[in-house]
Amino acid sequence: MTVLYFAHARRITGVSQEEIPADVPLSSGDFWEKLLQRHPALAALRTSSRLARCNDFLPADALIGPTDEIALIPPVSGG
Amino acid sequence: MTVLYFAHARRITGVSQEEIPADVPLSSGDFWEKLLQRHPALAALRTSSRLARCNDFLPADALIGPTDEIALIPPVSGG
Amino acid sequence: MRIEVLISSAVIIPTAPPAVSGVGAIATFTGTVRGEENGHPITALVYEAYQPMAETVMHRLLVELAAAHSCHSVFVQHRIGVVPVGEAAIHITVQARHRAPAFAVLAAFMDRLKQDVPIWKTDTLPA
Amino acid sequence: MRIEVLISSAVIIPTAPPAVSGVGAIATFTGTVRGEENGHPITALVYEAYQPMAETVMHRLLVELAAAHSCHSVFVQHRIGVVPVGEAAIHITVQARHRAPAFAVLAAFMDRLKQDVPIWKTDTLPA
């Protein structure tokens with residue numbers, strides 16, 4: 001799966017996107033566990049951030065497929 | 001006293017202003033009686049219109065002096 | 001606080017207000033003449049004002065609203081005379097630190113305008 | 001109903017929307033960069049967007065709001081990259097038959113923008 005990082009999340013990870021290998025679909029919880037293994041500092045954003053796929057926020061019960069592109073959306077501040 | 005007529009009131013009276021002689025201060029009610037003697041058709045505007053003096057609406061209990069300039073303000077419709 | 005009110009028969013050309021330090025929100029409203037009035041097609045409306053009172057009442061109202069909502073400035077232009085369809089009869093610009101007070105002043109001003117400001121639509125020019 | 005959304009690093013130049021038959025109310029909001037952020041003087045803000053999602057979310061939101069409030073059109077421009085103090089980060093124009101729906105869409109859109117549209121102030125350039 002491909003993960004996109006924006007704003008504060010990108011500053012934490014140091015990259016704007018990366019590949020995370022996964023063989024099976026993951027729940028949001030499992031997906032976050034994988035992210036935090038790689039970037040423990042993302043824990044600071046976990047409760048405030050949302051996941052998005054195909055330009056839409058992911059429902060809490062969605063499964064994330066191995067080839068999905070997932071964006072990590074920290075709290076927004078546009079306008 | 002001088003009376004100014006606007007919009008529908010002016011269409012009824014046919015004049016934009018006129019002098020109404022008065023020797024003593026008048027209540028709003030007495031003032032309206034004088035107007036209606038001259039222009040009975042203004043009765044159609046009586047409940048919906050307000051009186052103004054010095055660029056402000058007249059309080060209900062105000063007295064109108066013999067030299068005052070009074071504007072008859074029919075319901076407004078600006079904007 | 002800066003309040004400007006203009007009533008004129010000239011075409012309204014909305015201009016951006018001068019930038020003011022601390023302003024983060026600019027809200028505007030333009031009221032234009034629609035092509036129908038009470039269901040009948042028209043080509044223009046005719047507006048009339050009791051100009052000194054209309055200016056005074058608008059100014060007083062804006063001072064009150066801008067103070068209540070902490071807005072930096074309000075500019076109002078109201079056109080009188082013949083206003084053709086599609087052209088602006090009124091244009092208002094409110095500058096404030098944040099958007100909520102700017103929206104509040106805009107909406108409240110328009111409500112009060114339609115109650116207390118001696119300006120009238122006196123005629124329609126049919127299509 | 002006409003909805004247009006533009007996210008760009010170009011300077012925002014508010015342009016009057018094309019006149020639409022039946023429109024009597026045009027409301028706009030411009031959000032400009034103030035000279036301070038969190039109490040510190042700044043010269044600019046830096047905005048970043050997840051552009052395809054931001055455009056999609058704004059468009060979807062505007063379709064929903066415009067339909068709910070019977071508005072004719074909404075145009076939104078959001079600037080990204082460096083936005084100097086005094087310049088616009090966002091500009092919205094709503095056209096409707098009457099003013100109340102135009103104001104409602106403007107306010108609701110700005111609220112939702114600040115919750116659900118993936119655009120971020122990522123940095124400030126100090127004075």
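A note on names: the letters A, B, ... follow the listed sequences, proteins ahead of strands, and every chain is numbered from 1.
Contacts between residues 71-91 of chain C and chain B, counted as heavy-atom pairs separated by less than 4.5 Å, involve C:His78, C:Ala89, C:Ile90.
Residue B:Arg10 comes nearest to C:Glu48 through the heavy atom pair NH1-OE2, 2.5 Å, listed as atom of the first residue, atom of the second, then distance. Shortest non-hydrogen contact noted between C:Leu113 and B:Gly78 is CD2-C, 4.1 Å.
The main-chain N or O of B:Asp56 is never found under 3.5 Å from a side-chain atom of C:Arg60 such that the two would form a donor-acceptor pair. A distance-only check finds a donor-acceptor pair linking the side chain of C:Trp120 to the backbone of B:Pro75 [under 3.5 Å]. In this structure, the side chain of B:Ser77 engages the main chain of C:Lys121 through a donor-acceptor pair within 3.5 Å.
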Report the C-alpha distance between C:Asp116 and B:Arg50 in whole Å, list the side-chain angles of each, state the deciding distance to 0.1 Å, and finish with yes or no for side-chain contact (heavy atoms from CB on, under 4.5 Å).
CA-CA 10 Å; C:Asp116 293 334; B:Arg50 287 175 285 180; 2.9 Å; yes
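The NE2 atom of C:His59 sits 12.5 Å away from atom CG of B:Asn55, with the distance rounded to the nearest 0.5 Å.
If you measure heavy-atom distances from C:Tyr50 to chain B, the contacts under 4.5 Å come from both the backbone and the side chain. Heavy-atom distances place no part of C:Glu55 under 4.5 Å from chain B, backbone and side chain included. Contacts of C:Ala54 with chain B are absent, with no heavy-atom separation under 4.5 Å from either backbone or side chain.
Between chain B and the residues C:Gly31, C:Pro118, C:Pro52, the largest count of heavy-atom pairs under 4.5 Å involves C:Pro52.
With contacts defined as side-chain heavy-atom distances shorter than 4.5 Å, the pair B:Ile73/C:Met53 qualifies.
Applying the ring-ring contact (aromatic ring centres under 6.0 Å, His included) rule to pairs touching residues 18-68 of chain B yields B:Tyr5-B:His39, sequence neighbours excluded.
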